[in-house]
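Every chain is numbered from 1 and lettered A, B, ... according to where its sequence line falls, protein lines coming before strand lines. These numbers were taken from a predicted model, which means no experiment stands behind them.
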2 protein chains.
Amino acid sequence: MADRQLYRLHASICQTLANAKRLEIIDQLRSGEMPVTVLAEALEISQANLSQHLAVMRQNGIVATRREGLNVYYRLSNPKITQACDLMRQVLLEHLEAGAELARAEKRKEPRP
Amino acid sequence: MADRQLYRLHASICQTLANAKRLEIIDQLRSGEMPVTVLAEALEISQANLSQHLAVMRQNGIVATRREGLNVYYRLSNPKITQACDLMRQVLLEHLEAGAELARAEKRKEPRP
DNA sequence: TTTATATATTAGATATTTAGAATATTGTAA
DNA sequence: TTACAATATTCTAAATATCTAATATATAAA
């Protein structure tokens, strides 16, 4: 199969989303573009670190930029990114809920005090 | 913000998808459940390694299992997983396409031979 | 019980990712 | 030109993830 390479690229897209700070960046950009400074304040991380994360996201086509004077405005490059994130969040929540349900079931098995 | 923890969990879901072999596993399981042996043949990796990948996916609620005699059948635990994968694949393809388009544009700028 | 088959786990070596520090670049204004 | 603000890059060590090899467990059949 020649699409082993495609799987690799697909994995690197996922890898780009596999970081809490980067997911937070995506959430911040949901409402529209914003300059790096504003992002840095919202995320509470260093400018250098934020810039690194943004570089990874740029390289993988997750965000796009527009410069205006000193500021560089970042935006999500594709609405499908938020859709994918939403779906994964739902998978997570359903998994957590299933775990909680299991825990409750176990609880019910315990002998009365 | 207390949902920093949620971002972490969300990231670990993404991390689970951020591996070419695991994406291939997901693609194999699209058509329905199958035992580990069959998966191992399709993926061309060692049994032990496959089992490790499956363990990661189980822990993150991506797959579920059912034992029947000696065989353990794996299946995707949630149809949203394939939906999310599809969306990310589309993002990837659109990004690749945009890159190719850029390359073509550059090509057009080159002087005639 | 012993044996065989399918699957899971552990340990250790190697590779990849991450954050912080220092430094560089870009654009604007004095 | 120099100075400054916003952003990007490079380097490094620590943390994580991955693979291989060896070993363990579970189920069924003899």
Residue pairs meeting salt bridge (Lys or Arg N to Asp or Glu O under 4.0 Å), one or both in residues 70-89 of chain B, sequence neighbours left out, come to A:Glu94-B:Lys80, B:Asp27-B:Arg89, B:Arg30-B:Asp86

Residues pairing under salt bridge (Lys or Arg N to Asp or Glu O under 4.0 Å) where one sits in residues 50-66 of chain B, two or more places apart or in two chains, turn out to be B:Glu33-B:Arg66, B:Arg66-B:Glu68

Reading DNA chain C from 5' onward, which residue's closest nucleotide shows up sooner: A:Gln47 or B:Gln59?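 Its nearest nucleotide being more 5', the pick is B:Gln59.
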
Chain A vs DNA chain C, heavy-atom contacts under 4.0 Å, first-to-last nucleotide span, 5' to 3', is C:dT17 to C:dT28

Report task. Please say which of A:Leu29, A:Asn78, A:Ile81 ends up in a side-chain contact (heavy atoms from CB on, under 4.5 Å) with A:Val63. Result ->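 It is A:Leu29; the other options fail the test.
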
Checklist entry - Can you find a side chain N or O atom of A:Thr37 that sits less than 4.0 Å from OP1 or OP2 on D:dA5? => result no

A:Ser12 meets the side-chain hydrogen bond (donor to acceptor under 3.5 Å, both in side chains) criterion, sequence neighbours left out, with A:Asn60

Using the side-chain hydrogen bond (donor to acceptor under 3.5 Å, both in side chains) criterion, which residues pair with A:Glu44? Sequence neighbours excluded.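 A:Glu44 satisfies side-chain hydrogen bond (donor to acceptor under 3.5 Å, both in side chains) with B:Arg4 once adjacent residues are dropped.
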
Taking A:Thr65 for its side chain and A:Tyr74 for its backbone only, find out whether a donor-acceptor pair lies under 3.5 Å.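 It does not hold such a pair.
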
Hydrophobic side-chain clustering at under 4.5 Å (ILVMFWY, transitive links): who's grouped with B:Leu87? Put none if nobody.
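Its cluster partners, ordered by chain and number, are A:Leu87.
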
- Please list residues of residues 64-74 of chain B whose heavy atoms come under 4.0 Å from any atom in DNA chain C, ordered by number; otherwise none.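 Contacts with DNA chain C under 4.0 Å: B:Leu70, B:Asn71, B:Val72, B:Tyr74.
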
**Prompt:** What residues form a salt bridge (Lys or Arg N to Asp or Glu O under 4.0 Å) with A:Glu97, not counting sequence neighbours?
**Reply:**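 Salt bridge (Lys or Arg N to Asp or Glu O under 4.0 Å) list for A:Glu97, sorted by chain: A:Arg104.
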
Can you list, pair by pair, the side-chain donor-acceptor contacts under 3.5 Å of residues 47-57 of chain B, counting residues two or more places apart and other chains?
unit_1  : atom_1 : unit_2  : atom_2 : d
B:Asn49 : ND2    : B:Gln52 : OE1    : 3.3
B:His53 : ND1    : B:Arg22 : NH1    : 3.1

Quick one, B:His95 and A:Leu9 - any side-chain contact, counting heavy atoms below 4.5 Å?
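B:His95 vs A:Leu9: side chains apart.
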
Restricting both atoms to N or O, compile the protein contacts to nucleotides 18-21 of chain D shorter than 3.5 Å, with distance only.
unit_1 : atom_1 : unit_2  : atom_2 : d
D:dT18 : OP1    : B:Asn19 : ND2    : 3.4
D:dT18 : OP1    : B:Arg22 : NH2    : 3.2
D:dC19 : OP2    : B:Asn49 : ND2    : 3.1
D:dC19 : OP2    : B:His53 : NE2    : 2.9
D:dT20 : O4     : B:Gln52 : NE2    : 3.0

